[in-house]
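This structure is a prediction, so every number in the text was calculated from the model and none was measured. The chains referred to below are lettered A, B, ... by the order of the sequence lines, with proteins before strands, and numbering in each begins at 1.
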Protein chains: 2
Amino acid sequence: MLSFTEENYLKAIFKISEKEKKSASTNSLAKHLETTPASVTDMLKRLSEKELIHYERYRGVTLTTEGNRIATSLIRRHRLWEVFLVDKLRFDWEHVHDLAEELEHIYSEELISRLDAFLNYPKFDPHGDPIPNAEGRFTIRNQMPLSELSTGQTGQVLGVKEHSNAFLRYLNQIRVKPGTTIKIEERIDFDASLRIQVDNREHCTISYPVAQALMVKKI
Amino acid sequence: MLSFTEENYLKAIFKISEKEKKSASTNSLAKHLETTPASVTDMLKRLSEKELIHYERYRGVTLTTEGNRIATSLIRRHRLWEVFLVDKLRFDWEHVHDLAEELEHIYSEELISRLDAFLNYPKFDPHGDPIPNAEGRFTIRNQMPLSELSTGQTGQVLGVKEHSNAFLRYLNQIRVKPGTTIKIEERIDFDASLRIQVDNREHCTISYPVAQALMVKKI
DNA sequence: AATTAATTTTAGATTAACTTAAAAAATATT
DNA sequence: AATATTTTTTAAGTTAATCTAAAATTAATT
């Protein structure tokens, strides 16, 4: 049985290696986990001892098969709980992360498989991130940043690549969420911002970084 | 913010004082929490420091107003999660205690009030124990052990006073749960066991301790 | 290549929660 | 009341997870 802390390290290693497509460094882990590099080194030794990570001094870490299995299971639990909180308890999507962060540590195959069934085996969480199935497999979808659509094209929002409260609240404001359709009406040369139409109704202008964080499929 | 351990101590003190109607002793706490008396003394000092308990060396402990508030909130959370697990996730009642024991430690007013609403403000958990409301008030019901009914009388099961897996599984077997009606058909003088009829259908014989653990209302 | 800067690790301490063993206090028994 | 028993506390030490500060290693820059 792993401690909360150990589980959080595995998840952090998974996320960092996924994002940067290479082994996670001590410093990046320290930043991600809001702790000191010394503490990270300490913990890496322990996780290495337990054969959950491949660790060589000064060389960064990657997950072993077992470490990867555990990290994936944590992500599965996290995202299922997020679906529960949004779909069943009617939380706003910007408020579910911290709660799911706690709920995910409750380990019980039975609990998670029943929750999964109760939620009707969702494949994606409220932010559009894929929920690994019980075997750890993620559903892949064809998606691209809204910023890559051409003027005149329409996309349907599948998810977001940025999870900060500020960003999610902004999307609530302009009434954009997974499922929403967005048509690119005009591109402003000066700063690459976009004039868009939301769900065939409202019009508004969004900055380029916003368009980069919105993942869509062309329709 | 209290640790899991501290919260478990408060709950244990609450339960022991409730049951034995006096201050909880170091030994009873050690037994209840499956630890040593020395560890208990250690923790009592810390909780006393935080003004959550009234503690005098060699004299046992009681909860302060604040300690009582926290313990009651934990019981509320525990019992609401049990309702969720049984009513929504379709767990058997003998399997929910340990999971609720973990879920209860997730602190969020918002989470609990939404869960409460989602479950339709239940007043009792799957074992028939009252769920304190947000203000900490328990609903009181008129109830008595089945063993106190006279021969010929009928009662409706409201809950159980014994929560062991073995007992709950036995009740499943004889198809008794909250809501079930039981008619006393005969009392066996030799060992005070009872011949009963369940839900106007099956007949069976139960021992006196079983009849003591079944709480009913006369109908 | 040598120096500087950044990153990572070690060393040494701290804290919460726990343990065992021995001492102290309270309670029960003769 | 004195003694024995039980209960509780203290003392001393352990372990996981953290920290700060200093040392070691690697990477970057001149």
Side-chain angles (χ1 to χ4, degrees), chain A residues 1-13 15-17 19-63 67 70-71 74 101-102 104-105 107, chain B residues 1-13 15-17 19-63 67 70-71 74 101-102 104-105 107:
Chain A
M1 194 71 306
L2 297 180
S3 69
F4 278 33
T5 316
E6 290 169 317
E7 294 194 336
N8 285 335
Y9 270 84
L10 293 179
K11 230 179 16 148
I13 295 166
K15 284 188 180 165
I16 290 169
S17 343
K19 198 173 190 178
E20 313 189 351
K21 277 140 191 353
K22 60 174 170 91
S23 67
S25 71
T26 303
N27 248 7
S28 62
L29 282 166
K31 243 162 243 154
H32 196 280
L33 294 161
E34 295 181 312
T35 181
T36 61
S39 303
V40 172
T41 301
D42 238 38
M43 179 59 89
L44 294 184
K45 284 178 189 163
R46 211 157 329 120
L47 292 173
S48 177
E49 199 62 44
K50 296 191 181 183
E51 303 196 36
L52 298 171
I53 59 173
H54 299 293
Y55 171 55
E56 253 184 295
R57 278 153 72 259
Y58 294 103
R59 286 278 119 82
V61 284
T62 55
L63 295 172
I70 295 171
L74 283 163
E101 203 71 9
E102 301 199 51
E104 72 188 12
H105 293 291
Y107 176 69
Chain B
M1 194 73 300
L2 297 181
S3 69
F4 278 33
T5 315
E6 290 169 317
E7 292 193 338
N8 284 336
Y9 270 84
L10 294 180
K11 231 178 17 146
I13 295 166
K15 285 189 181 163
I16 290 168
S17 342
K19 197 173 191 178
E20 313 189 351
K21 278 141 190 355
K22 61 175 169 92
S23 67
S25 71
T26 302
N27 248 7
S28 62
L29 282 166
K31 243 162 245 155
H32 196 279
L33 294 162
E34 296 180 311
T35 182
T36 59
S39 302
V40 173
T41 302
D42 234 38
M43 179 60 90
L44 294 184
K45 284 178 189 164
R46 209 155 332 119
L47 292 173
S48 177
E49 198 62 43
K50 295 190 181 184
E51 304 196 37
L52 298 171
I53 60 173
H54 298 294
Y55 171 54
E56 250 185 296
R57 279 152 72 259
Y58 295 102
R59 285 278 120 83
V61 284
T62 54
L63 295 172
I70 295 171
L74 283 163
E101 204 70 9
E102 301 200 50
E104 73 187 9
H105 293 291
Y107 176 70

> For the pair made of CG in Leu44(B) and P in dT7(D), what is the distance, rounded to whole Å?
Replying inline: 16 Å
> For dA24(D), does either OP1 or OP2 sit under 4.0 Å from a side-chain N or O belonging to Arg57(A)?
Replying inline: no
> Closer than 4.0 Å, any side-chain N/O of Ser3(B) to the OP1 or OP2 of dA17(C)?
Replying inline: yes
> Among dT9(C), dT10(D), dA24(C), which is the nearest nucleotide to the side chain of Thr26(A)?
Replying inline: dT9(C)
> Leu33(B) has an atom CG; how far is it from atom P of dA16(C), in whole Å?
Replying inline: 19 Å
>> Just the rounded figure in Å: distance from P of dA25(C) to CD of Glu56(B).
In response: 15 Å
> Does the side chain of Lys45(A) get closer than 4.0 angstrom to OP1 or OP2 of dT9(C) through an N or O atom?
Replying inline: no
> Between dT8(C) and Asn27(A), is there an OP1 or OP2 to side-chain N/O distance shorter than 4.0 Å?
Replying inline: yes
>> What is the distance, to the nearest angstrom, from the CG atom on Asn8(A) to the P atom on dA16(D)?
In response: 18 Å
For nucleotides 18-22 of chain C, print each protein N/O atom paired with a nucleotide N/O atom at under 3.5 Å, atom names and distance only.
| unit_1 | atom_1 | unit_2 | atom_2 | d |
| --- | --- | --- | --- | --- |
| dC18(C) | N4 | Asp42(B) | OD2 | 3.1 |
| dT19(C) | OP2 | Thr35(B) | OG1 | 3.1 |
| dT19(C) | OP2 | Thr36(B) | OG1 | 3.0 |
| dT19(C) | OP2 | Ser39(B) | OG | 2.6 |

> Where do Leu2(B) and Tyr9(B) land on the side chain to side chain contact (heavy atoms under 4.5 Å, CB included) test, with the steps shown first?
Replying inline: CA-CA 11 Å; Leu2(B) 297 181; Tyr9(B) 270 84; over 6 Å; no
> Quick one: His32(B) NE2 to dT7(D) C1', roughly how many Å, whole number?
Replying inline: 19 Å
>> Check this one for me: any side-chain N or O of Tyr55(A) less than 4.0 Å away from OP1 or OP2 of dT9(C)?
In response: yes
>> I'd like to check the side-chain hydrogen bond (donor to acceptor under 3.5 Å, both in side chains) partners of His105(B); sequence neighbours left out, ordered by chain and number.
In response: Glu7(B), Asn8(B)
>> Which heavy atom of Ile53(B) sits nearest to which heavy atom of Ser48(B), and what is that distance?
In response: CG1-N, 3.6 Å
>> Rounded to the nearest 0.5 Å, what separates atom CG in Leu74(A) from atom CD in Glu101(A)?
In response: 9.5 Å
> Quick one: Met1(B) CE to dA16(C) C1', roughly how many Å, whole number?
Replying inline: 16 Å
>> Heavy atoms only, 4.0 Å cut-off, all strands: where does Phe4(B) land among base, sugar-phosphate and nothing?
In response: nothing
> Sequence neighbours excluded, which residues qualify as salt bridge (Lys or Arg N to Asp or Glu O under 4.0 Å) partners of Glu102(A)?
Replying inline: none
> Separation of Leu29(A) atom CG from dT9(C) atom P, in whole Å?
Replying inline: 10 Å
>> Please report the distance, rounded to the nearest Å, between CD1 in Ile16(B) and P in dT7(D).
In response: 14 Å
> When rounded to the nearest 0.5 angstrom, what distance separates OH in Tyr55(B) from OG1 in Thr41(B)?
Replying inline: 5.0 Å
> Within a radius of less than 6.0 Å around NZ of Lys50(A), do more than 12 heavy atoms belonging to other residues, nucleotides or ligands occur?
Replying inline: yes
